[in-house]
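Naming convention: chains lettered A, B, ... in sequence-line order (proteins, then strands); numbering from 1 in each chain. Everything numeric in this text was worked out from a predicted model, so none of it was measured.
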Amino acid sequence: MPELPEVEVVRAGLEPAVTGATVTSVEVFDSRSLRRHDPTYGAFAQLITGGRIAGAVRRGKFLWLPLDDASWTESETGPAAILVHLGMSGQMLLRAAGAPLDGPVRIRVQLEHPQHGELDLHFVDQRIFGSMAVDRLMPTADGAAGGFGSDAALVPSQVMHIARDPLDPVFPDDAFIAALRRKKTEVKRALLDQTLISGIGNIYADEALWAARVHYAQPTASLSRPRARALLAEVRLVLAQALAEGGTSFDAQYVNVNGASGYFSHSLNAYGRQGAPCPRCGRPLVRAPFMNRSSYYCAHCQNVRL
DNA sequence: CCTCACACCTGGGTGC
DNA sequence: TGCACCCAGGTGTGAG
């Protein structure tokens, strides 16, 4: 269940290892992990073999590895990147060259780094909700950097419709709050809408709502401006705290880039804690069905206020 | 245009 | 023991 903090941990782990490295070999063991790849663009392996990776960039839960200019000028395809979405259970594992494939490795990318030598990148994904792809880079609509990790004002075409995330220095607070209050939906649905604000999933949505004392089903149109602003502030706090702790995971599905588990569920106040006392008021937390999943909240602290 | 239900996936857990 | 079923949930798509 990687959300923004977990994906950022992966990005930060990959960045020093892959920047400047050349792709020497690509093996796709399960083509379902190329769900996001458009084959009319070219074969995934062929497009990136020989390319040089310029960095590691993230917006929300999307991660991409831009390819050096020299990698695409000859093919005249324009700037491109290796796009990664971890989905539910995806991992990007750095391994020594030729290391055995432990776990459901769907794609292996072998790299040659001028300083670090040979390195294997394993895309592991049990549930195959994640995917890799090669995608064209497009200019950002606002002219600002496309994501965290690069100054380039470019994003993959598949990320064009994804909103900036709340840790982005140019995240438009006022426009977000206005758009949130214009929506005719429930507040948690809005927090999970990646075209409105990106990077938040079921876990951090529940945590931020608990911290802001907002009921998950409160209509967005009924949120006062100060209350919406306070909610956004709690979203930022929750994400920043999780990031500082190295990400959150529950069943070892999520493992950081070096293979160590990012297990920090003890820091959660609401998510997954049905029946346990609310850390604020002591009353038992509740689990309620929501969008074919679950919402965890305190029925006492988190009141619908119209 | 907006909102929402649903499909896509697999492995672990549970009840019979 | 075996089997059917449920659950986890991020995203794209199509219906209304």
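With sequence neighbours excluded, the residues forming a side chain to side chain contact (heavy atoms under 4.5 Å, CB included) with Arg283(A) are Cys281(A), His300(A), listed by chain and number. Partners of Glu15(A) by side chain to side chain donor-acceptor pair (under 3.5 Å), not counting sequence neighbours, listed by chain and number: Arg11(A). For Asp174(A), the side chain to side chain donor-acceptor pair (under 3.5 Å) partners at least two apart in sequence or on another chain are Arg229(A). Partners of Arg32(A) according to the salt bridge (Lys or Arg N to Asp or Glu O under 4.0 Å) rule, which considers only residues two or more places apart in sequence or in another chain, are Asp30(A). Residues satisfying the side chain to side chain contact (heavy atoms under 4.5 Å, CB included) test with Val134(A), not counting sequence neighbours, are His37(A), Tyr41(A), Phe44(A), Leu47(A), Ile48(A), Ala80(A).
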Between the protein and nucleotides 1-4 of chain B, list every N/O to N/O distance that falls short of 3.5 Å.
from   : atom 1 : to        : atom 2 : distance (Å)
dT3(B) : OP1    : Lys184(A) : N      : 2.7
dT3(B) : OP2    : Lys183(A) : NZ     : 2.7
dC4(B) : OP2    : Thr185(A) : OG1    : 2.7

For nucleotides 12-15 of chain C, list the nitrogen or oxygen atoms of the protein found under 3.5 Å from its nitrogen or oxygen atoms, one pair per line.
from    : atom 1 : to        : atom 2 : distance (Å)
dG12(C) : OP1    : Arg36(A)  : NH1    : 2.9
dG12(C) : OP1    : Arg36(A)  : NH2    : 3.0
dG12(C) : OP2    : His161(A) : NE2    : 3.2

Would you tabulate the nitrogen or oxygen pairs shorter than 3.5 Å linking the protein to nucleotides 6-10 of chain B?
from    : atom 1 : to       : atom 2 : distance (Å)
dC9(B)  : O3'    : Arg32(A) : NH1    : 3.3
dT10(B) : OP1    : Arg32(A) : NH1    : 2.4
dT10(B) : OP1    : Arg32(A) : NH2    : 3.0

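Counting to the nearest Å, the P atom of dG11(B) and the CD atom of Gln91(A) are 14 Å from each other. The interatomic distance linking Asp125(A) (CG) with dT11(C) (P) rounds to 13 Å, in whole Å. If you take CG of Asp165(A) and P of dT11(C), they are 12 Å apart, rounded to a whole angstrom. At whole-Å resolution of the value, CG in Leu4(A) and P in dT11(C) are 11 Å apart.
A cation-pi arrangement is found for Arg189(A) relative to Phe290(A), the charged atom lying closer than 6.0 Å to the ring centre and inside a 45° cone about the ring normal. Relative to the ring axis of Trp210(A), Arg280(A) places its NZ or CZ within 45° and under 6.0 Å from the centre.
For the helix from dC2(B)-dG16(C) to dC16(B)-dG2(C), the angle separating the two terminal helix axes comes to 50°, with each axis derived from five pairs and the value rounded to 10°.
Cluster partners of Val159(A) are Val57(A), Phe62(A), Trp64(A), Leu83(A), Leu137(A), Met138(A), Leu154(A), Val155(A), Met160(A), Ile162(A), counting Ile, Leu, Val, Met, Phe, Trp and Tyr whose side-chain heavy atoms approach within less than 4.5 Å, directly or via other members.
For His85(A) and dT11(C), the shortest distance from a side-chain N or O to OP1 or OP2 is below 4.0 Å. Within the structure, a side-chain polar atom (N or O) of Gln194(A) is placed less than 4.0 Å from OP1 or OP2 of dT11(C).
Applying the ring pair (Phe, Tyr, Trp, His ring centres under 6.0 Å) test to pairs two or more places apart or on separate chains, none has a residue in residues 180-202 of chain A. Pairs passing the ring pair (Phe, Tyr, Trp, His ring centres under 6.0 Å) check and including a residue from residues 174-198 of chain A, sequence neighbours excluded, read Phe171(A)-Phe176(A).
Using modelled atom types and a 3.5 Å distance limit, the side chains of Ser89(A) and Asp125(A) yield a donor-acceptor pair.
Not one N or O on the side chain of Glu27(A) forms a donor-acceptor pair closer than 3.5 Å with the backbone of Val109(A).
Closest approach of Leu191(A) to Ile200(A), counting heavy atoms only: O-CB, 3.5 Å.
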